[in-house]
Amino acid sequence: MSDIPPQPLTGKALLQKVEALGHLPRRETAKRCGYVTLTKTNKPRVNLNEFYDAVLAAKGLSLTPGSSRDKRGREPTFRVSVHKNGQLIIGAAYTEKMQLNPGDEFEIQLGYKHIHLKQVLNGQVMEETTTTEEAPPKATRGRKKKMPEA
């Protein structure tokens with residue numbers, strides 16, 4: 001237990017240590033970053049949840065509901081409604097999450113009860129590529145057709 005720090009690592013020190021110990025299993029990495037306590041029987045116990053929370057916090061992410069970084073505005077709900085003037089506002093929380101900048105252009109494609117926004121880069125519409133793994137075929141409703149007997 002000599003290479004275990006007396007206090008759990010946090011912030012940049014934690015991220016650097018995790019990167020350096022990338023070849024080790026997760027439990028061993030957490031242990032060497034100081035996320036270990038002793039049980040009543042004096043056996044070491046690795047605290048993976050605290051370790052994962054510390055890594056996320058060091059990367060600037062939080063899974064705690066209701067906590068945002070700067071405490072301004074509302075948390076994005078991924079639901080919007082049409083305003084009285086007919087406008088539909090996406091909001092800064094979404095554009096920040098998508099790393100969009102003022103002046104970024106989109107093509108609007110209307111479908112039946114849905115809207116697709118496709119980003120325009122260098123005058124070309126960016127098309128989304130899907131594979132059969134990402135989009136499995138839709139299940140059919142009702143009974144299956146019987147194959148004619150030969």
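What you are looking at is a predicted structure, and each value in this text was computed from that prediction instead of being measured.
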To the nearest 0.5 angstrom, please state how far the [atom1] atom of [X] sits from the [atom2] atom of [Y].
X: Lys40; Y: Asn42; atom1: NZ; atom2: CG; answer: 13.0 Å
X: Lys43; Y: Leu38; atom1: NZ; atom2: CG; answer: 12.0 Å
X: Leu56; Y: Lys59; atom1: CG; atom2: NZ; answer: 7.5 Å
X: Lys17; Y: Arg32; atom1: NZ; atom2: CZ; answer: 7.5 Å
X: Asp53; Y: Leu48; atom1: CG; atom2: CG; answer: 11.0 Å
X: Leu88; Y: Ile115; atom1: CG; atom2: CD1; answer: 6.0 Å

Hydrophobic cluster membership, with links at side-chain heavy-atom distances under 4.5 Å among I/L/V/M/F/W/Y: are [X] and [Y] in one?
X: Ile90; Y: Val82; result: yes
X: Leu9; Y: Leu15; result: yes
X: Ile108; Y: Leu100; result: yes
X: Phe106; Y: Leu110; result: yes

message: Going by side-chain contact (heavy atoms from CB on, under 4.5 Å), Val46 matches just one of Arg26, Glu28, Arg27. Which one?
response: Arg27
message: As a quick check of understanding, evaluate side chain to side chain contact (heavy atoms under 4.5 Å, CB included) for Gln119 and Glu105, giving each step before the final call.
response: CA-CA 6 Å; Gln119 192 165 14; Glu105 294 182 2; over 6 Å; no
- request: Would you indicate whether Leu24, at its atom CG, is surrounded by more than 12 heavy atoms from other residues, nucleotides or ligands within a distance under 6.0 Å?
  value: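 Atom CG in Leu24 is packed in, count exceeds 12.
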Which pair of heavy atoms, one from [X] and one from [Y], lies closest together, and at what distance?
X: Val55; Y: Val18; answer: CG2-CG2, 4.3 Å
X: Pro8; Y: Gly34; answer: CG-O, 3.5 Å
X: Ala58; Y: Gly11; answer: CB-O, 3.5 Å

message: Go through it in stages, so that I can follow the logic: the residues are Leu14 and Tyr35, the test is side chain to side chain contact (heavy atoms under 4.5 Å, CB included), and I'd like the CA-CA distance, side-chain angles, deciding distance and then a yes or no.
response: CA-CA 11 Å; Leu14 175 63; Tyr35 290 87; 4.1 Å; yes
Residue pair Thr29 / Phe51, side-chain heavy-atom distance below 4.5 Å: yes
task: Keeping the roles fixed (side chain from Asn85, backbone from Gln87), state whether a donor-acceptor pair exists under 3.5 Å.
output: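 At least one qualifying donor-acceptor pair exists.
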